[in-house]
Undergrad: 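Supplied in structure tokens, the structure appears directly below.
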Number of protein chains: 2
Amino acid sequence: MANIKDVARLAGVSPSTVSRVVAGSSRISPETQARVREAMKVLNYYPNANARSLVRRATNAVGVIIARPAEQAFANPFFPEVLRGIGAELHRHGYDLVLTMTTTPEEEHAACLRLLKQRRVDGVILTSSRVHDALLEELVAGEYPFVLIGRAGEGQPVSWVNNDNVAVGEMAVEHLVGRGHQRIALINGPEELTVSLDRRQGFRQAMARYKLDLPSEYEVEGEFTKDGGYRAMVRLLTLPQPPTAVFCADDAMAVGALMVLKERGLTRQVALIGVNDDPLTALLDPPLSTVRIPVFDLGSTAARLLLDGLQHGVTGPRQVVLPSQLVVRESTNWTL
Amino acid sequence: MANIKDVARLAGVSPSTVSRVVAGSSRISPETQARVREAMKVLNYYPNANARSLVRRATNAVGVIIARPAEQAFANPFFPEVLRGIGAELHRHGYDLVLTMTTTPEEEHAACLRLLKQRRVDGVILTSSRVHDALLEELVAGEYPFVLIGRAGEGQPVSWVNNDNVAVGEMAVEHLVGRGHQRIALINGPEELTVSLDRRQGFRQAMARYKLDLPSEYEVEGEFTKDGGYRAMVRLLTLPQPPTAVFCADDAMAVGALMVLKERGLTRQVALIGVNDDPLTALLDPPLSTVRIPVFDLGSTAARLLLDGLQHGVTGPRQVVLPSQLVVRESTNWTL
DNA sequence: CTGAAAGCGCTTACAG
DNA sequence: CTGAAAGCGCTTACAG
């Protein structure tokens with residue numbers, strides 16, 4: 001493969017000059033530029049990014065970490081879609097995306113540092129946000145550029161992009177109350193995730209606002225999967241006073257919950273609403289109501305925040321909250 | 001950040017020795033090893049992968065190209081799942097994954113060469129296979145290590161992993177014939193993709209074997225999306241003799257086709273079978289029959305083939321075909 | 001078993 | 001406007 005010396009020789013200039021032409025430096029005469037470009041084309045020259053990284057101390061690559069138990073990684077359309085958003089924005093700015101999929105927080109931690117310190121990516125995007133996260137503190141302490149999809153703790157100097165998860169919980173409850181429900185339960189995701197905490201907070205706030213009774217058995221926790229939703233719904237139905245409506249903190253869970261209702265012929269007895277707007281849930285019987293999250297935008301915005309820092313030196317933590325939207329379908333579109 | 005000289009100084013050895021310890025070279029005395037390891041730990045040393053790549057002429061990174069019109073990229077669970085398979089295998093061997101998403105063949109071509117020649121990834125995995133592909137020829141000519149998910153043309157010296165798409169088409173028809181159908185149509189994907197050609201070939205072969213009439217209007221082509229399936233089904237239903245069963249070359253298309261049937265109350269008049277086993281299609285009404293593709297395994301096998309070449313110098317093109325499996329559900333589980 | 005030296009392919013002050 | 005030189009952080013024959 002041709003290197004910069006080959007090009008220089010063919011063009012009759014020094015390697016420095018070739019480097020300047022590649023970099024688009026202004027102080028090169030048009031004739032020299034033309035000769036160099038011609039030589040580059042003849043030799044089909046691509047500058048070696050690794051050599052360049054070494055001296056520039058920048059790789060033009062961003063690390064993305066998807067942290068989820070393997071089985072769940074992509075069962076849920078959230079991750080592919082967020083990746084698409086990130087990829088689109090990185091691509092627009094000529095950055096490459098180094099993808100790492102991890103299953104435990106420890107693995108995530110190690111992978112992230114390896115990416116930054118060994119692979120030397122210019123920054124990192126984390127796609128899961130946990131409540132206590134040693135990784136965040138290490139990244140802050142090391143002054144590594146990174147953006148979190150989700151949110152950090154109050155006052156932590158971290159850049160993040162989140163959707164309004166508290167509002168998501170509130171919207172769901174408001175909608176259900178509007179349909180006449182009073183006994184409303186929550187099937188929530190793992191409580192070490194901020195997304196679960198926030199949706200629950202919104203749920204509780206709205207329940208309190210409407211002065212609705214909220215027995216502790218009405219809040220069930222499970223995995224962000226069909227199975228998690230299935231098991232949770234089974235438990236809710238064993239209660240002496242089962243709920244008439246259930247807010248599921250994720251569409252996959254809502255699908256699992258729906259399976260229980262269908263098996264027992266209860267689909268029109270218990271209202272069901274999820275979160276995410278997974279494309280296929282609209283086609284279920286009944287079509288699932290949901291709160292639509294701007295997943296692509298979460299990804300592209302995270303990438304944009306990161307690149308603003310890397311390219312334009314935009315400094316200091318920035319936080320962005322994107323709005324979500326209620327989508328009413330048959331699973332809740334009836335009055336108690 | 002600490003570099004190899006810092007470690008050497010602290011351990012009281014030369015950089016060469018540190019390098020050998022990092023590489024796990026055998027000819028270093030245990031005492032020296034211990035001192036070096038201690039220094040590495042104290043300084044929290046990570047070797048700079050870019051510097052290493054430069055001299056080793058290997059990056060320990062593999063490029064993965066997902067080539068699909070943006071909207072479809074991940075609507076279909078194929079890509080996330082194949083990525084998971086690739087990622088798992090790469091991770092096991094300490095390779096990083098550089099992900100590139102492209103929309104046109106030209107973009108794919110350029111991105112692929114950039115990855116290999118500029119970013120210097122050690123090899124590439126292509127996840128879409130087209131019928132005439134200039135890229136393949138360039139990769140072969142350049143002797144770049146790569147593996148295709150799908151297949152190349154007959155006799156092309158290319159490594160690939162594919163599922164048995166001809167058998168997929170045959171299985172679908174056999175199943176439908178077993179249920180008493182004679183008027184069977186095909187809703188196929190874009191014909192520039194080998195996957196579409198092969199499924200169609202299987203479809204045709206089986207139709208011929210059973211001596212069934214196959215008017216040209218019974219083969220409709222569309223995008224691998226819900227919309228594509230929707231439009232194709234509408235066309236089939238305008239025929240004077242509409243089919244009693246339809247083989248859709250992809251689950252997303254089958255879902256679109258199902259929407260048409262539901263709108264017209266024809267779900268029990270026309271049998272429907274898809275391909276892929278998208279998790280949610282089992283929950284539709286009626287649950288969709290399908291042919292299950294081992295998508296994760298396609299990804300992990302592709303990565304394994306590539307790494308066999310990179311790590312163990314396994315040379316020469318190799319081809320692997322993975323079996324698919326008929327999954328019968330309500331959408332076809334009735335007799336005409 | 002260990003070190004000094006050369007070199008991987010670039011970029012970038014410095015000098016002219 | 002252009003070039004010679006030093007250096008980015010490693011690895012690896014070569015020598016001992």
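Because only heavy atoms are used, hydrogens play no part in the values below, and waters and symmetry mates are left out as well, while side chains stay in. Lettering follows sequence order; numbering is per chain, from 1.
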Undergrad: Quick one, B/Tyr45 and B/Asp6 - any side-chain contact, counting heavy atoms below 4.5 Å?
TA: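 B/Tyr45 does not reach B/Asp6 side chain to side chain.
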Undergrad: May I have the distance from B/Arg9 (atom CZ) to C/dA4 (atom P), rounded to whole angstrom?
TA: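 From B/Arg9 CZ to C/dA4 P: 13 Å.
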Undergrad: Could you tell me the separation between the CD atom of A/Gln33 and the C1' atom of D/dC1, rounded to a whole number of Å?
TA: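 Distance, rounded to whole Å: 11 Å.
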Undergrad: NZ of B/Lys5 versus P of D/dT11: gap in Å, rounded?
TA: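 After rounding, the reported distance stands at 14 Å.
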Undergrad: Between A/Arg57 and D/dG9, is there a contact of a side-chain N or O with OP1 or OP2 at under 4.0 Å?
TA: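 For A/Arg57, the contact criterion (side-chain N or O under 4.0 Å from OP1 or OP2 of D/dG9) is met.
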Undergrad: Can you tell me the distance, in whole Å, between the CE atom of A/Met1 and the C1' atom of C/dG9?
TA: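 Nearest whole value for this atom pair: 13 Å.
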Undergrad: When the C1' atoms of C/dG16 and C/dT12 are considered, how many whole Å apart are they?
TA: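 Comparing C1' positions in C/dG16 and C/dT12 gives a spacing of 16 Å.
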Undergrad: Is there a donor in the side chain of B/Thr32 and an acceptor in the side chain of B/Ser29, or the other way round, less than 3.5 Å apart?
TA: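 Yes - a donor-acceptor pair under 3.5 Å links their side chains.
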Undergrad: Has the side chain of A/Ser16 got a donor or acceptor atom sitting under 3.5 Å from an opposite partner on the base of C/dT11?
TA: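 Side chain to base: no pair present.
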Undergrad: Could you state the CD1-P distance from B/Ile4 to D/dT12, rounded to the nearest angstrom?
TA: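 Interatomic distance, CD1 of B/Ile4 to P of D/dT12: 11 Å.
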Undergrad: If each of B/Ala51 and B/Ser14 is mapped to the nucleotide of DNA chain C with the nearest heavy atom, which maps nearer the 5' terminus, i.e. the 5' end?
TA: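 The residue mapped nearer the 5' terminus is B/Ser14.
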Undergrad: Determine the contact category for B/Thr32: base if any of its heavy atoms lies under 4.0 Å from a base atom, sugar-phosphate if only primed atoms, P, OP1 or OP2 are that close, otherwise nothing.
TA: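 Sugar-phosphate contact only - B/Thr32 comes under 4.0 Å of backbone atoms but never of a base.
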Undergrad: Which whole-number value in Å describes the distance from A/Arg20 CZ to C/dA15 C1'?
TA: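 Atom-to-atom, A/Arg20 to C/dA15, this comes out as 11 Å.
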Undergrad: Nearest whole angstrom, please: distance from the P of D/dT11 to the CG of A/Leu54.
TA: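 Rounded to the whole Å, the gap is 12 Å.
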Undergrad: Can a salt bridge be assigned to the pair A/Arg92 and A/Glu89 using a cut-off of 4.0 Å between side-chain N and carboxylate O?
TA: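 Yes, this pair counts.
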Undergrad: Any side-chain N or O of A/Arg120 less than 4.0 Å from the OP1 or OP2 oxygen of D/dC8?
TA: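 Answer is no, no contact under 4.0 Å.
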Undergrad: Closest heavy-atom contact between B/Gly150 and B/Asn162?
TA: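 In this case the closest contact between B/Gly150 and B/Asn162 is O-CB, 3.1 Å.
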Undergrad: Within the structure, does a side-chain N or O atom of B/Arg52 lie under 4.0 Å from either OP1 or OP2 of C/dC8?
TA: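 B/Arg52 to C/dC8 OP1/OP2: no side-chain N or O under 4.0 Å.
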Undergrad: Whole angstroms only, please: what is the CD-C1' distance between A/Glu31 and D/dT2?
TA: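 After rounding, the reported distance stands at 13 Å.
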Undergrad: Using a heavy-atom cut-off of 4.0 Å across all strands, would you classify B/Thr17 as base, sugar-phosphate, or nothing?
TA: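 Since only primed, P, OP1 and OP2 atoms lie under 4.0 Å of B/Thr17, the category is sugar-phosphate.
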Undergrad: For A/Val22, which contact category applies under a 4.0 Å heavy-atom criterion: base, sugar-phosphate, or nothing?
TA: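 The residue A/Val22 makes no contact with any strand.
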Undergrad: Would you indicate what B/Ser19 reaches in the nucleic acid, counting non-hydrogen atoms under 4.0 angstrom: base, sugar-phosphate, or nothing?
TA: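 The answer is base, as B/Ser19 lies within the cut-off (heavy atoms under 4.0 Å) of a base atom.
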Undergrad: State the pairing partner of C/dA15; accept Watson-Crick or G-U wobble contacts with both distances under 3.5 Å, and report none otherwise.
TA: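 Its partner is D/dT2.
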Undergrad: Under the side-chain contact (heavy atoms from CB on, under 4.5 Å) test against A/Phe146, which residue among A/Leu116, A/Leu126, A/Val62, A/Ile125 passes?
TA: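 The side-chain contact (heavy atoms from CB on, under 4.5 Å) with A/Phe146 is passed solely by A/Leu126 among A/Leu116, A/Leu126, A/Val62, A/Ile125.
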Undergrad: Taking the nucleotide of DNA chain C with the nearest heavy atom to each, does A/Asn48 or B/Pro15 sit closer to the 5' end?
TA: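 Taking each residue's closest nucleotide, the earlier one in sequence belongs to B/Pro15.
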Undergrad: CD1/A/Ile66 to CZ/A/Phe78 distance, rounded to the nearest 0.5 angstrom?
TA: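 Atom-to-atom, A/Ile66:CD1 and A/Phe78:CZ are 9.5 Å apart.
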Undergrad: Using OP1 and OP2 only, check whether a side-chain N or O of B/Tyr45 sits under 4.0 Å from D/dC10.
TA: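 So the side chain of B/Tyr45 is within the cut-off, an N or O lying under 4.0 Å from OP1 or OP2 of D/dC10.
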